[in-house]
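Here's the structure we're looking at; comments come further down.
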Amino acid sequence: MSAPALPAAREIADAVRARRTTARDVVAAALLRIKAGDPALNCFTAITGERALADAARVDRLIGEGRDPGPLAGVPFAAKNLFDVAGVVTLAGSRINLDRPAPARDAAAVAALTRAGAVLVGTTNMEEYAYGFTTENAHFGATRNPHDPARVAGGSSGGSAAAVAAGLAPLALGTDTNGSIRVPAALCGVFGLKPTYGRVSRAGVFPLAASLDHVGPFARSVHDLALAYDALQGPDPADPACSARPAARVLPELSRGTAGLRIAVAGGHFARGAAPEALAAVERVAQALGAGRRVTVPEAHRARAAAMLVTAGEAANLHLARLRARAADFDPITRDRFLAAALLPAALYVQAQRFRAWFRARVRALFQDVDVLLAPTTPYPAPPIGAPRTTTVGGSEVMTRPHLGVFTQPLSFIGLPVLSVPVVQPGALPLGVQLVAAPFAEAALLRVASALEAEGVVAAPLAPPRAGSAGAT
Amino acid sequence: MLCAVARPGEALVTDLAARLGLAIDPAWLPAVAEQLAGLLAAGALVAEMPLPDDVEAAPVFEP
């Protein structure tokens with residue numbers, strides 16, 4: 001990969017706004033970087049070069065006219081290919097969706113970043129219909145982990161996370177129903193924020209399970225993540241689950257430090273079934289924050305099971321007509337999941353939804369005297385592409401791919417805001433730690449992440465350049 | 001860990017699927033049955049915990 005890595009979003013926006021460079025030059029460099037680096041990783045399914053250059057020209061024109069181009073002026077970004085992008089078919093990782101017409105307008109999140117001056121450079125690879133944790137896609141190939149191309153990038157937003165880790169884009173959009181932002185963020189060694197359920201609009205996003213679907217950003221620094229989140233958050237009547245609560249900017253909060261925040265480590269479910277290095281990463285973060293207290297999230301293992309049921313019931317309903325008409329056109333891995341999900345008894349789905357209300361009440365009580373909880377993001381680093389079905393961890397045999405979500409699922413199940421931070425471990429594969437807060441307390445997460453970043457405990461170093469082609473996997 | 005649930009018989013899976021208008025290729029049946037066993041195990045774990053009758057689901061629905 002000969003094209004240089006892009007600077008951070010903050011540096012790009014500052015330079016463009018101060019006329020030290022132009023958005024057009026930044027975007028042209030980004031397109032070269034993608035052209036050079038993507039073949040080895042398979043992050044992108046479409047490059048929106050023509051649109052990107054036109055959007056960059058618009059940003060430069062605004063600056064030339066003395067108008068404000070927005071806080072993300074000229075910052076290239078990528079979007080998982082389940083976000084509507086005007087003129088680009090919304091694949092959602094599937095072959096079936098190739099038959100759909102291209103949308104006429106952008107998804108709300110893509111439009112929000114564009115309004116803030118950011119420039120879409122392409123759409124990224126994912127698990128078919130977002131139902132999985134590895135981005136091993138039979139139609140479009142696996143996305144490779146930039147830190148070790150023989151391993152998965154995590155999923156389902158694997159293309160977005162890998163693109164950010166490899167420096168192909170400073171920012172990217174993903175979605176998270178059970179961990180699909182946090183798992184790839186952890187495995188690729190970048191920051192990934194799953195905001196509170198209803199905090200960021202999902203309008204124009206191909207769904208998986210509407211009760212649990214979230215939109216959020218990836219970045220390589222806390223500042224960049226805050227810039228993107230502030231551009232994304234806020235009410236949107238076009239998303240029925242989007243909260244009417246006004247946006248609360250987090251960028252001004254970053255410098256406040258952790259003073260006054262009560263931080264604890266999640267024990268019980270979150271301290272079992274993981275490789276020692278995943279638990280050690282949590283201890284490292286806890287030590288840096290002086291967090292000695294342990295708390296138990298009640299029935300977290302059952303919350304994970306209930307999240308599986310809600311996802312299955314809603315996803316199978318969403319795809320029932322496609323399963324009837326075109327089951328053979330599904331990716332074999334997701335097809336088996338969807339077909340089984342279609343046979344789930346309704347009573348179990350409703351029980352899971354009722355349990356969700358019960359669990360929410362218990363966790364609300366827990367957050368009466370805790371501000372931020374720490375938990376592993378994944379139970380182990382990135383497995384190899386094509387890994388065996390099962391693996392042994394913590395003395396038990398588990399399903400290699402589904403078990404990647406064991407610590408993320410109980411938290412998204414009740415819509416809590418969670419930030420996965422990449423823990424610095426030189427020479428080792430990336431691992432993440434989840435910072436978890438009460439609903440709409442994203443600022444606390446960003447404050448903690450910023451303090452950890454300042455201490456050098458968390459960081460997202462650029463993955464080394466890779467040559468060659470990812471090939472078909 | 002999820003509770004162990006016996007894998008549903010492939011004939012049962014085929015019959016249930018057919019009643020939903022789903023045709024399952026015989027080659028897919030073992031994997032579908034295994035996935036269904038996993039979901040039923042999750043269901044058993046959730047259902048074994050009694051909930052008060054007044055606990056309602058919280059869907060987003062504003063008439």
Side-chain angles (χ1 to χ4, degrees), chain A residues 197-198 210-211 239-242 272-273 299 301-313 316 320-321 323-325 327-328 330 332-333 335-345 347-358 360-361 389 396-399 402-403 406 414-415, chain B:
Chain A
Y197 181 73
S211 292
D239 175 355
C242 204
R272 291 193 293 264
E299 304 294 342
H301 67 302
R302 240 182 276 278
R304 183 203 177 205
M308 293 166 66
L309 298 174
V310 170
T311 305
L320 194 56
L323 288 166
R324 283 175 174 148
F330 278 72
I333 290 181
R335 179 184 58 222
D336 298 340
R337 292 174 194 154
F338 283 122
L339 284 170
L343 308 181
L344 180 71
L348 294 180
Y349 169 81
V350 175
Q351 185 76 10
Q353 282 284 13
R354 291 178 60 222
F355 174 81
R356 187 183 185 207
W358 180 93
R360 176 182 61 180
R389 277 176 62 252
S396 301
E397 188 180 35
V398 297
M399 302 292 281
H403 196 68
V406 67
I414 48 170
Chain B
M1 297 302 118
L2 301 177
C3 319
V5 165
R7 202 167 90 170
E10 293 180 6
L12 174 66
V13 170
T14 304
D15 187 41
L16 274 174
R19 287 163 196 269
L20 275 171
L22 297 167
I24 299 183
D25 186 307
W28 310 340
L29 269 173
V32 173
E34 183 182 293
Q35 292 284 345
L36 183 56
L39 286 174
L40 294 174
L45 187 60
V46 174
E48 76 181 11
M49 187 181 125
L51 289 174
D53 288 343
D54 62 355
V55 173
E56 292 184 15
V60 178
F61 183 82
E62 293 178 22

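Only this structure's heavy atoms are used, side chains among them; waters, hydrogens and symmetry mates stay out. Each chain gets a letter, A, B and so on, in the order the sequences are listed, and its residues count up from 1.
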Q | Heavy-atom check, side chain of A:Ser211 versus side chain of A:Thr311, under 4.5 Å | A | no
Q: Side-chain contact test, heavy atoms from C-beta onward, threshold under 4.5 Å: evaluate it for B:Leu39 versus A:Leu343 and give yes or no.
A: no
Q. If you count heavy-atom pairs under 4.5 Å with chain B, which of A:Arg335, A:Met399, A:Gln351 comes out on top?
A. A:Arg335
Q | Side chain / backbone / both / neither for A:Ala327 at chain B, heavy atoms under 4.5 Å | A | both
Q. Counting a contact as any heavy-atom pair under 4.5 Å apart, which residues of residues 12-21 of chain B contact chain A?
A. B:Val13, B:Leu16, B:Ala17, B:Leu20, B:Gly21
Q. Backbone N or O of B:Val46 within a donor-acceptor pair of the A:Arg302 side chain at under 3.5 Å?
A. no
Q) Side chain, backbone, both or neither: which part of A:Ala303 has a non-hydrogen atom closer than 4.5 Å to chain B? A) neither
Q. Is there a donor-acceptor pair under 3.5 Å between the side chain of A:His403 and the backbone N or O of A:Gly273?
A. yes
Q.
Check A:Arg389 with B:Glu34, please: is the shortest side-chain N to carboxylate O separation under 4.0 Å?
A. yes
Q: Measure A:Pro402 against the heavy atoms of chain B and call it side chain, backbone, both or neither at under 4.5 Å.
A: neither
**Q.** Side chain to side chain, A:Trp358 and B:Leu51, heavy atoms closer than 4.5 Å
**A.** yes
Q: For A:Arg304 and A:His301, run side chain to side chain contact (heavy atoms under 4.5 Å, CB included): C-alpha distance rounded to whole Å, both residues' side-chain angles, the deciding distance at 0.1 Å, then the answer.
A: CA-CA 5 Å; A:Arg304 183 203 177 205; A:His301 67 302; 5.8 Å; no
Q | chain B contacts, top residue of A:Leu320, A:Leu339, A:Leu323 (heavy-atom pairs, under 4.5 Å) | A | A:Leu339
Q) chain B heavy atoms under 4.5 Å from A:Ala210: which part of the residue, side chain, backbone, both or neither? A) neither
Q: List in chain and number order the residues that pass ring pair (Phe, Tyr, Trp, His ring centres under 6.0 Å) with A:Phe338, two or more places apart in sequence or in another chain; answer none if no residue qualifies.
A: A:Tyr131, A:His319, A:Phe330
Q.
With rounding to the nearest 0.5 angstrom, report the CG to CG distance, A:Leu309 to B:Leu40.
A. 9.0 Å
